[in-house]
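Structure first, commentary second.
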Amino acid sequence: MKNAKLVSKSHPTQQTAISIGDRTTIGGQDLLIIGGPCAVESLEQMETVARHLAHAPVQMLRGGVFKPRTSPYSFQGMGDAGLTILSAVRQRYGIPVVTEVMSVHQIESIVAHADLLQVGSRNMQNFDLLKALGEAGKPVLLKRGLAATLEEFVFAAEYILSHGNPDVILCERGIRSFDSFTRNILDLGAVVALKQITHLPVMVDPSHAAGKRELVAGLARAAVAAGADGLIIECHPEPEQSVSDARQALSLPEMVELVQSLALVAEAVGRRVPGVEPVRELSAA
């Protein structure tokens, strides 16, 4: 990967910290926790999520408004109406938001409403989109393609940096395997490797890796132990009623419990979950 000059580390201790909005960063000692539903469904839904996750605490809110779906008959997102909802929640609760961008023509409208632009796995090698995001002026969350090698992933990030945007976050979200028990296979080896190869922050999406909510918490804790700089996790006020990816979404109480449980793991690897103190159970006398 010698030609990935901008993404590769220039020395072993190089680590880039990225500011998202006025109060949120990733790449330092503090972990970045992003939570929210796969898709924006209503203002009431997103306000409920924002209120509950403020107590977790979660630093950023996620919600898709343009949805790349395998079937053309599946819910494709609320589009511009969803952006208006995200913007209203962002302003009312003072929480930065991230949403997915699927095409070049969507960038301008999304930049006006979101703090972080997500490139989904299906678009990791949409090179025209990557070039345009290099000129977008907002941080980018780049997800690994579902069958992409690490070299392909790194060079996808290089496209964005080479077009002027240094603020790229890499996200491991699982890769395809012969085993169908989980939706994908979470490649934690990739997390460790990317932290050695690149200076960019690395996040993990355990929700898409697992595809089953009962596996998400364990994978999230393992990701922190492996050195991830943050997590992006799906949660919903009524998971079974979610219009998208219902099986992998946590309930809001489950999301709060998960965030609290990360503190001890983070402390063990020299990290910190902002706003959460590690709780140690006292042994019986």
Side-chain angles (χ1 to χ4, degrees), residues 1 3-4 7-9 26 31-35 38-39 62 64 67-71 74 98-102 116-127 129-130 133 140-161 168-235 244-250 258:
M1 301 187 197
N3 289 330
V7 171
S8 299
K9 283 187 173 182
I26 181 171
L31 298 176
L32 173 62
I33 312 297
I34 302 174
C38 180
R62 62 162 291 158
K67 299 297 299 175
R69 305 301 299 278
T70 301
S71 169
S74 299
V98 55
T99 196
E100 183 167 352
V101 55
M102 293 170 48
L116 178 63
L117 280 59
Q118 174 183 310
V119 177
S121 63
R122 293 173 177 87
N123 276 308
M124 189 204 80
Q125 289 186 309
N126 182 340
F127 298 120
L129 177 60
L130 300 180
L133 288 170
V140 174
L141 175 67
L142 179 66
K143 287 195 169 185
R144 183 183 181 186
L146 51 84
T149 66
L150 286 188
E151 183 175 49
E152 290 167 337
F153 190 23
V154 167
F155 275 109
E158 188 82 5
Y159 264 93
I160 301 173
L161 270 73
V168 176
I169 303 164
L170 304 173
C171 183
E172 163 61 34
R173 46 80 70 198
I175 53 177
R176 277 189 170 169
S177 166
F178 59 86
D179 192 344
S180 60
F181 183 78
T182 55
R183 182 174 180 176
N184 296 286
I185 299 296
L186 181 59
D187 187 358
L188 290 180
V191 175
V192 177
L194 289 168
K195 293 293 292 182
Q196 294 178 1
I197 295 167
T198 85
H199 58 88
L200 299 177
V202 179
M203 295 194 74
V204 167
D205 177 351
S207 302
H208 280 86
K212 297 179 178 181
R213 66 177 62 88
E214 62 269 23
L215 303 178
V216 170
L219 293 180
R221 290 189 283 265
V224 173
D229 296 294
L231 301 165
I232 178 167
I233 300 170
E234 288 188 11
C235 56
S244 178
D245 290 344
R247 182 65 179 86
Q248 66 196 36
L250 302 180
L258 169 55

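Using a 4.5 Å cut-off on side-chain heavy atoms (C-beta onward), Val168 and Leu161 make contact. Side-chain contact check for Val154 versus Thr198: some heavy-atom pair is nearer than 4.5 Å.
Atom CD in Gln118 sits 10.0 Å away from atom CZ in Arg173 (nearest 0.5 Å). Separating the CZ atom in Phe127 from the CD1 atom in Ile160 is a distance of 11.0 Å, to the nearest 0.5 Å. In this structure, the separation between CZ on Arg122 and NZ on Lys143 is 10.0 Å, given to the nearest 0.5 Å. Here the straight-line distance linking atom NZ of Lys212 with atom CZ of Phe181 works out to 3.5 Å at 0.5 Å rounding. Of the inter-residue distances, the one linking Leu219 atom CG with Leu188 atom CG reads 7.0 Å to the nearest 0.5 angstrom. To the nearest 0.5 Å, atoms CG (Leu250) and CD1 (Ile233) are separated by 6.5 Å.
Scored by the side chain to side chain contact (heavy atoms under 4.5 Å, CB included) test, Ala156 finds Met124, Leu130, Leu142 as partners (sequence neighbours excluded). Residues that satisfy the salt bridge (charged side-chain N to carboxylate O under 4.0 Å, His left out) test with Glu234, not counting sequence neighbours, are Arg62. Take Glu214 and apply the salt bridge (charged side-chain N to carboxylate O under 4.0 Å, His left out) test, not counting sequence neighbours, and it matches Arg247. Shown here are the salt bridge (charged side-chain N to carboxylate O under 4.0 Å, His left out) partners of Arg221, two or more places apart in sequence or in another chain: there are none. Take Arg213 and apply the side-chain hydrogen bond (donor to acceptor under 3.5 Å, both in side chains) test, not counting sequence neighbours, and it matches Glu240. The side chain to side chain contact (heavy atoms under 4.5 Å, CB included) check on Ala193 picks up Leu150, Ile197, with sequence neighbours excluded.
Just one of Ile34, Val140, Ile26 meets the side chain to side chain contact (heavy atoms under 4.5 Å, CB included) condition when paired with Leu116; it is Ile34. With Ile232 as the fixed residue, the side chain to side chain contact (heavy atoms under 4.5 Å, CB included) test singles out one of Val204, Leu32, Leu141: Leu141.
When all heavy atoms of Val216 and Ala210 are compared, the pair lying nearest together is CG2-CB, 4.4 Å. Of all heavy-atom pairs between Val191 and Ala226, the closest is CG1-O, 4.2 Å. Between Ala157 and Leu170 the shortest heavy-atom distance is CB-CD2, 3.8 Å. Counting all heavy atoms, side chain and backbone alike, Ser244 lies closest to Cys38 at OG-SG, 3.0 Å. Nearest approach of Ala209 to Thr182, heavy atoms of both residues: O-CB, 4.0 Å. Residues Leu231 and Pro206 approach most closely at CD2-CD, 4.5 Å, considering heavy atoms.
In this structure a side-chain-to-backbone donor-acceptor pair under 3.5 Å is missing from Lys195 to Pro201. Looking only at distances, a side-chain donor or acceptor of Asp187 sits under 3.5 Å from a matching main-chain atom of Ala190. Formation of a donor-acceptor pair under 3.5 Å by the Thr149 side chain with backbone atoms of Glu152 is found in this model. A distance-only check finds a donor-acceptor pair linking the side chain of Asn184 to the backbone of His208 [under 3.5 Å]. Panel note: side chain Asp229, backbone Val202; a donor-acceptor pair is recorded below 3.5 Å. Remark: side-chain polar atoms of Asp245 are not paired, donor with acceptor, to backbone N or O of Gln248 under 3.5 angstrom.
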Original post:
Can you check side chain to side chain contact (heavy atoms under 4.5 Å, CB included) on Leu200 and Val7, steps first, answer last?
Top reply: CA-CA 7 Å; Leu200 299 177; Val7 171; 3.9 Å; yes
**OP:** Would you sort out whether Arg144 and Ile175 count as a side chain to side chain contact (heavy atoms under 4.5 Å, CB included), showing the intermediate values?
**Re:** CA-CA 8 Å; Arg144 183 183 181 186; Ile175 53 177; 3.6 Å; yes
Original post:
What do the steps show when you test Phe153 against Leu194 for side chain to side chain contact (heavy atoms under 4.5 Å, CB included), and what is the final call?
Top reply: CA-CA 10 Å; Phe153 190 23; Leu194 289 168; 3.8 Å; yes
